[in-house]
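Notes follow the structure.
The figures that follow rest on heavy atoms only: side chains count, while hydrogens, waters and symmetry mates do not. Computed from a predicted structure; not experimentally measured. Just so you know, ligand 1 is whichever comes first in the structure, and atom 1 is the first atom listed for that ligand.
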Amino acid sequence: MIDISNRDFTRLVTFIKHNYGINLANKRQLIMGRLSPMLSRLGYANFTDYIDYIITTEHKSDIDQLLNRLTTNYTFFMREVNHFDYFKDTVLPQLVANKKDRTLSIWSAGCSSGQEPYTLSMLMKEYLGSDFDKWDTRILATDISMNALSLAAKGIYSEDALKDMPNGFKSRYFRPLTNKTDYQVINEIRENVIFRTFNLMDPIRFKRPFDVIFCRNVMIYFDKDTKEDLCRRFYNATYPGGYLFIGHSENLTNKDLPYEHIMPSAYRKPLR
Ligand SMILES: C[S@@+](CC[C@H](N)C(=O)[O-])C[C@H]1O[C@@H](n2cnc3c(N)ncnc32)[C@H](O)[C@@H]1O
């Protein structure tokens with residue numbers, strides 16, 4: 001493993017935190033462990049030259065490689081399932097009753113390899129049934145890890161990964177692949193999810209506000225100010241009456257945001 005000096009460690013940690021929000025101040029081993037093989041492969045004998053290169057050029061494909069290694073993309077189907085239950089039993093019925101334009105605007109921010117937005121897509125299909133086609137239900141799913149997004153777009157998961165899916169979901173929403181060990185999300189559900197690269201540190205400028213934002217287990221890597229700034233931007237990008245779901249181990253610390261706390265790690269923007 002290539003050792004990293006205090007100075008280079010601070011430079012890299014500062015660069016990542018400033019640009020991507022991720023706080024790696026206590027992750028020296030993780031940085032050395034995850035980056036050393038890549039540095040060797042690229043022909044760098046030390047971190048100094050690599051960090052000089054990254055910071056001075058900010059070359060997109062090199063930054064992508066770095067982010068692929070430094071992000072933690074751990075996720076699984078039906079994670080923090082009570083949020084999905086609430087989405088299905090309360091949020092969807094409410095939105096469907098009130099959205100006259102038949103548009104449901106959902107964002108999975110920090111979607112990793114796609115399990116969260118695909119589940120939301122399946123729940124919408126379950127709820128709307130034959131009316132699914134009559135609604136604009138496209139889910140925006142974003143991340144900064146290109147590796148995670150590429151896995152997400154394929155929508156291929158092992159049979160074991162589907163073990164916690166509700167009854168019937170495996171047969172209705174996945175098709176077995178010929179290798180007999182993997183399953184792919186069916187086209188109708190895949191096409192309903194739009195995967196995009198988006199850095200949550202950037203201004204949120206999408207075409208329309210959102211009815212629901214899921215940003216779960218992403219801000220755990222951010223410091224308090226970064227998290228509060230992002231939650232304020234989420235609030236401004238949400239329709240009145242819209243929802244924000246964050247991870248179970250997280251909470252909203254913004255004192256000035258009038259979000260109503262509706263259940264653990266779930267918030268609603270007041271209707272007026
Ligand atoms: C642990 S995964 C969470 C996946 C899913 N939301 C869940 O709860 O299981 C965190 C994801 O956040 C992404 N992420 C971290 N910082 C980000 C940023 N600044 N902008 C966008 N995505 C980010 C990572 O790439 C990673 O895929």
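- Checking F234, F195, F214 one by one against W107, the ring pair (Phe, Tyr, Trp, His ring centres under 6.0 Å) holds for a single residue, F234.
- Note on D182 versus K154: no salt bridge recorded, every NZ/NE/NH1/NH2 to OD/OE distance being 4.0 Å or above.
- Using a 4.5 Å cut-off on side-chain heavy atoms (C-beta onward), R196 and L149 make no contact.
- Taking all heavy atoms of V218, T72, T142 into account, the minimum distance to atom 2 (S) of ligand 1 is reached by T72.
- A salt bridge links R11 to D52: at least one charged side-chain nitrogen sits closer than 4.0 Å to a carboxylate oxygen.
- Across N73, T75, I16, D143, heavy-atom proximity to atom 11 (C) of ligand 1 is greatest for D143.
- For F77 and F174, the distance between ring centers is under 6.0 angstrom.
- Looking only at heavy atoms of the protein, atom 4 (C) of ligand 1 is closest to G110 O, 3.3 Å.
- At a 3.5 angstrom cut-off on N or O pairs, L200 counts as close to ligand 1.
- Where the criterion is an N or O separation shorter than 3.5 Å, residue side chain and backbone included, M201 fails it with respect to ligand 1.
- Of all protein heavy atoms, the one lying nearest to atom 21 (C) of ligand 1 is F198 O, 3.2 Å.
- Counting heavy atoms closer than 4.0 Å to ligand 1, residue A148 contributes nothing at all.
- Here the heavy atom of the protein found nearest to atom 23 (C) of ligand 1 is I144 CG1, 3.4 Å.
- Distances below 4.0 Å separate heavy atoms of N217 from the following atoms of ligand 1: 1 (C), 2 (S), 3 (C), 7 (C), 8 (O), 10 (C).
- Note: an N/O pair closer than 3.5 Å links R216 and ligand 1 by distance alone.
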